[in-house]
Every structure is written in C-alpha cells, then in structure tokens.
Number of protein chains: 2
Amino acid sequence: MTETTETRVERKERTRRAILDATLVLCEESSLVALSLRQVAKQVGIVPTAFYRHFESIESLGLALVDESFVSLRAMLRDVRRHDPTYRDIVDQSVDTLVSHVRKERQHFQFIVRERAAGPLAVRAAIRHQIELSERELATDLARLPGTDTWSPEDLQVLSSLIVTAMVATAEDILVAVGRPDAEKAVAERARTQLRMVIIGALNWRSES
Amino acid sequence: MTETTETRVERKERTRRAILDATLVLCEESSLVALSLRQVAKQVGIVPTAFYRHFESIESLGLALVDESFVSLRAMLRDVRRHDPTYRDIVDQSVDTLVSHVRKERQHFQFIVRERAAGPLAVRAAIRHQIELSERELATDLARLPGTDTWSPEDLQVLSSLIVTAMVATAEDILVAVGRPDAEKAVAERARTQLRMVIIGALNWRSES
DNA sequence: AGTTTGAGTGTACGTATGTACACCCAAAGC
DNA sequence: GCTTTGGGTGTACATACGTACACTCAAACT
C-alpha cells in the first residue's frame, strides 16, 4: 500500500493530465469536434460535471493540447538545430529526428494533423499560428546558413514555408505508415530526396530570378 | 405554376443531390464525423429515416462526396494539361487554374481537405488513394517534359508527390484566405515561387546525385 | 384497370448529450 | 480546532441521437 497523501494542487494536476491523455486517446480515431464531454469524463473515470473544474469547454481543452503539442515539437526543432550544418548531413539528421519524434509523440502529432484541418475554429487558428511561428524560426535559421546571403527575407520565408509544408506532409505519412517498418523507411527516404531537391532549387535560386 | 411531373428516378436523383449539397454545407463548419443523420435530414427537408433510401450510412455518403469531388479535381488537372508546356508559363497557368478552381469548387475542396485528416477511416483511405492517383498522373505528365529524360521513375514519383503536397497546402491556404483578395494574391504568389524553386531543384537534380 | 414498387411519412423506443443544482468531504488556511 | 475552499459526486431534465416498424400514395409495371 503506497500511502502518498497528495497535496491539493498535485491531485488537480493529476486529473488535468488524465483529461488531456484521455482526450489524446479518444482523438486517435475521431476528432475534437466529434468528442463529447461525457466520453472524456468516462475515459478519465470522473463524473461529467467534474470536467468543468478543469476546462470550460472541449474547445479550451483543445487549445491546451495545442500548446502542449507544440512544446514537444519545438523541442524537436531544437534537436535539429543542435547539429552542425553540413548541407548533406543536415537533411539526414532532420528527417531522422522527425521520424523518431513522430514515433515518440505519435498522439500529439496525430492530434495536430487532424485538428489543423477539422478542429474547432479557435483550435485551427491556434495551430495555424504555431506553424507560422515555426516557419519564421526556420527562416531565421536558414538565414544563418552559408549561401543565403543574397536572399531577400520574403524568399527565405517562402522557402521555409515550403519546407515546413513538406515536413508536415511527411509527418502525416509517417503516422499512416507507423508499425510497417518498410513503409516508414520509404517515407523517410522520400522525405530526404524531397528536401535535397528543395535545397538544390534554393541554392540555384538567386541566379535564376 | 410550373407543372413538371417528375419521373421517379428524377425525383430520387433530386433528393440525392439535395443530401449531397446539404452535407457539403454542414461540413463547411464541422466534419463528417461530427455530423448526424438527423442534421442532414433536417437541412434537406426530409424525415430522418428517408435518408436510408439513398445512403446506408454517413460514411457511404462521404465516399460518394469523395468521388464527386475528385471528378471536378480531375477536370482541373485536365485544364492544366491543356496548355503548352513552356517552363515559365506552366507555373503561372497551374497556379491560376488552381486558384480559380478552388474558388469555384470551394465546398468540395474544403470537404476533401478536412476529411482527408479527420474523416471516417474509409473516407480517409479513399482520399489518400485518389491523391496517390493524381500524383502518378502528374508523374507521367512530367515524364513527357523535356529535361526529365534521364530521370528514374522513382525520382519522378518523388518529385510529383512533392508538387502535389505543395499544391494541396496552397489549396488549404486559399480556402483560409478566400474573400480577402490581398491574402489570396499573396498565397498565389508564394505558390508560384515555391513551384519555381522546386522546378529549379528538379532541373539541377541528376547532376547532383 | 389492377397490382406492385419504393420514396417519403409519423410514431416510438432506448440511449447519449450538455448542463443546472444540491451535495460531500479532505486539504488548506485561520 | 473551526471554517473555508474546491475537486469530485449524484440526481435530474430537456434535447438530440440512430433506427425499428407500420404507414401512405403516386408513379411504374402488367
């Protein structure tokens, strides 16, 4: 018998976490907009009305999950940045990091990918905003790389938007392929090739326009 | 008084259409998985049980809408193909065609974009399959263009997947920007730049690997 | 003309939904 | 020690849900 007398805030935090986790589980095969407060409560093991002690609506629950998801996503981006930027290796590193993070944070990625297109309006807006922030971060990173000296800020932004789009699509494909190692490898290989194509296009860009 | 005595199949087809249209309207601010048969019936103006005369479930309704949506999408792709392939103009043509088709078939695009990520399993699978077909079609088109003679079929497939991904993302952005002409222009301009970057990358590809 | 067919109706059910309200009781604060 | 606070409970209700079943009635078939 582990007699851990919990403090009040600890207990509250624990059920809050349980609600977030339960929602991620339930969202694996549905979506926030098709999720009822009662389903969540049942999954958590609390009575429906207790839900309101933590969130005022499913929508605000969703916003909390968006914040949480992007915390781990930013951790991933920091991982990518930590490695030194040799042009060839940066691609392998980035894709590998993406694959492993999607696997580790499967539920969060799935949540983001799904609610980005189908969630409540405020949730969709929040995700769009976060992705836009990521694009800007990537743009400033790209600006530090050799060969981008002559680029305009606008073109850098456009390029990073293209890269983020491709990586989001790759994350989606990994989620579909998860559990089938050969399919996962194929997705990763394709992502690497696409990134290289984009980089080559970028390196030859200014000389063209 | 227009006394058009309808034939029986005409009448059936008319309510079937009404159901499809009503669903597209209701899906504009929600999703198939959050849609009830009764909502659809009410919107159409029939009694709930009458729904079953046309579809056996919301899911099969969704599959019908997927088919329908991709008919118009393929019409768009035919439009793109009709124009002669000068490398510079092909980009402008394609993006313009995309923008105008998304505007004209707004509901269908919105439906596809949303249900692709959040719809019932079978619907998601159907959409993935259709997009994969589009990628392959694009790949065979690309193979006919000058400069791709030395390409492997795999690389062509990878390239067209990248292009389709970018165009899907562009369609999403147009849907968000719709009604704000300046935002629409910005999205179109960005899509053009991205397509050019990709093409430049592609043209310099074989010499790299 | 008489019969069959089938889209659409109306009623009826068990179940799930969001939320209001009064309640409990242990940790927190005095 | 007594009071306050607040997470969690239980009951209750109006509403919405999917679907079963028995029905109508005009077009279609014979």
Side-chain angles (χ1 to χ4, degrees), chain A residues 1-23 25-65 118-123, chain B residues 1-23 25-65 118-123:
Chain A
M1 195 91 179
T2 49
E3 270 290 336
T4 30
T5 23
E6 273 177 319
T7 171
R8 224 137 114 156
V9 289
E10 280 172 353
R11 172 145 183 78
K12 173 151 192 182
E13 179 52 31
R14 193 163 59 90
T15 41
R16 189 189 138 95
R17 250 278 44 91
I19 291 175
L20 293 169
D21 290 342
T23 306
V25 169
L26 292 172
C27 275
E28 281 189 58
E29 49 209 272
S30 181
S31 158
L32 267 188
V33 291
L35 204 60
S36 73
L37 185 156
R38 284 179 116 103
Q39 278 175 60
V40 176
K42 183 180 284 183
Q43 177 86 11
V44 174
I46 57 175
V47 93
T49 45
F51 175 91
Y52 293 112
R53 302 289 183 192
H54 303 274
F55 301 97
E56 69 171 3
S57 65
I58 293 281
E59 177 171 307
S60 69
L61 205 195
L63 292 175
L65 280 172
L121 211 78
V123 172
Chain B
M1 195 88 185
T2 49
E3 270 290 336
T4 31
T5 22
E6 274 178 318
T7 171
R8 224 135 116 156
V9 289
E10 279 172 352
R11 172 145 183 76
K12 174 152 192 182
E13 178 52 31
R14 192 163 61 90
T15 43
R16 189 190 139 96
R17 249 281 42 92
I19 291 176
L20 293 169
D21 291 342
T23 307
V25 169
L26 292 173
C27 275
E28 282 188 58
E29 51 209 87
S30 180
S31 157
L32 266 189
V33 292
L35 204 61
S36 74
L37 185 156
R38 284 179 115 102
Q39 279 174 62
V40 177
K42 183 181 284 183
Q43 177 86 12
V44 175
I46 57 175
V47 94
T49 45
F51 175 91
Y52 292 112
R53 302 289 184 192
H54 303 273
F55 301 98
E56 70 172 2
S57 65
I58 292 281
E59 178 171 306
S60 69
L61 205 195
L63 292 175
L65 280 171
L121 211 77
V123 172

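Below, chains carry the letters A, B, ... as their sequence lines are ordered, and counting in each starts from 1. These numbers come from a predicted model, not from an experiment.
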> Separation of B:F51 atom CZ from D:dC17 atom P, in whole Å?
Replying inline: 13 Å
>> Mind checking if A:S36 touches a base, just sugar-phosphate, or nothing, with heavy atoms under 4.0 Å?
In response: sugar-phosphate
>> Between C:dG10 and B:T49, counting only base atoms on the nucleotide and side-chain atoms on the residue, is there a donor-acceptor pair under 3.5 Å?
In response: yes
> D:dT19, C:dT9, D:dG7: which one has an atom nearest the side-chain heavy atoms of B:A50?
Replying inline: C:dT9
> In terms of the nearest nucleotide of DNA chain C, which residue is placed more toward the 5' end: A:K42 or A:Y52?
Replying inline: A:K42
>> Using the side-chain heavy atoms of A:K12, tell me which of these nucleotides is nearest: D:dT9, D:dG7, C:dT9.
In response: D:dG7
> Separation of A:F55 atom CZ from D:dG7 atom P, in whole Å?
Replying inline: 12 Å
>> Check this for me: does the side-chain of A:R8 come within 3.5 Å of the base of D:dG7 through a donor and an acceptor?
In response: no
> Is any side-chain N or O of A:R53 under 3.5 Å from a base N or O of D:dG8, one able to act as donor and the other as acceptor?
Replying inline: yes
> Within this structure, what is the CD1-to-C1' distance between B:I19 and C:dA7, rounded to whole angstrom?
Replying inline: 11 Å
> If you round to the nearest 0.5 Å, how far is CD of A:E6 from CD of A:E13?
Replying inline: 11.0 Å
>> So if I take every side-chain heavy atom of B:I46 and compare against C:dT9, D:dG18, D:dG7, which nucleotide ends up nearest?
In response: C:dT9
> Nearest 0.5 Å, what's the CG-SG distance between A:L35 and A:C27?
Replying inline: 5.0 Å
> Please, which pairs that meet side chain to side chain donor-acceptor pair (under 3.5 Å) have at least one residue in residues 43-59 of chain A, sequence neighbours excluded?
Replying inline: A:T15-A:H54
>> Return whichever of A:V47 or B:R38 has its heavy-atom-nearest nucleotide of DNA chain D closer to the 5' end.
In response: A:V47
> A:L26 CG to C:dA16 P: how many Å, rounded?
Replying inline: 15 Å
> Counting just side-chain N and O atoms, does A:Q39 come under 4.0 Å of either OP1 or OP2 of C:dT17?
Replying inline: yes
>> Measure CG/A:L37 against P/D:dA16 and give the value in whole Å, please.
In response: 17 Å
> B:I58 CD1 to D:dC17 P: how many Å, rounded?
Replying inline: 10 Å
> What is the nucleic acid contact for A:T7, judged by heavy atoms within less than 4.0 Å: base, sugar-phosphate only, or nothing?
Replying inline: sugar-phosphate
> Between atom CZ in B:R14 and atom C1' in D:dA27, what is the gap in whole Å?
Replying inline: 15 Å
> Is the shortest heavy-atom distance from the side chain of A:V123 to the side chain of A:V33 under 4.5 Å?
Replying inline: no
>> With a 4.0 Å cutoff (strictly under), does any side-chain N or O of B:T15 reach OP1 or OP2 of C:dG8?
In response: yes
> Among the nucleotides C:dA27, C:dG8, D:dG8, which one has an atom lying closest to any side-chain atom of B:R11?
Replying inline: C:dG8
>> Once rounded to the nearest 0.5 Å, what's the spacing between atom CG of A:L20 and atom CG of A:L65?
In response: 5.0 Å
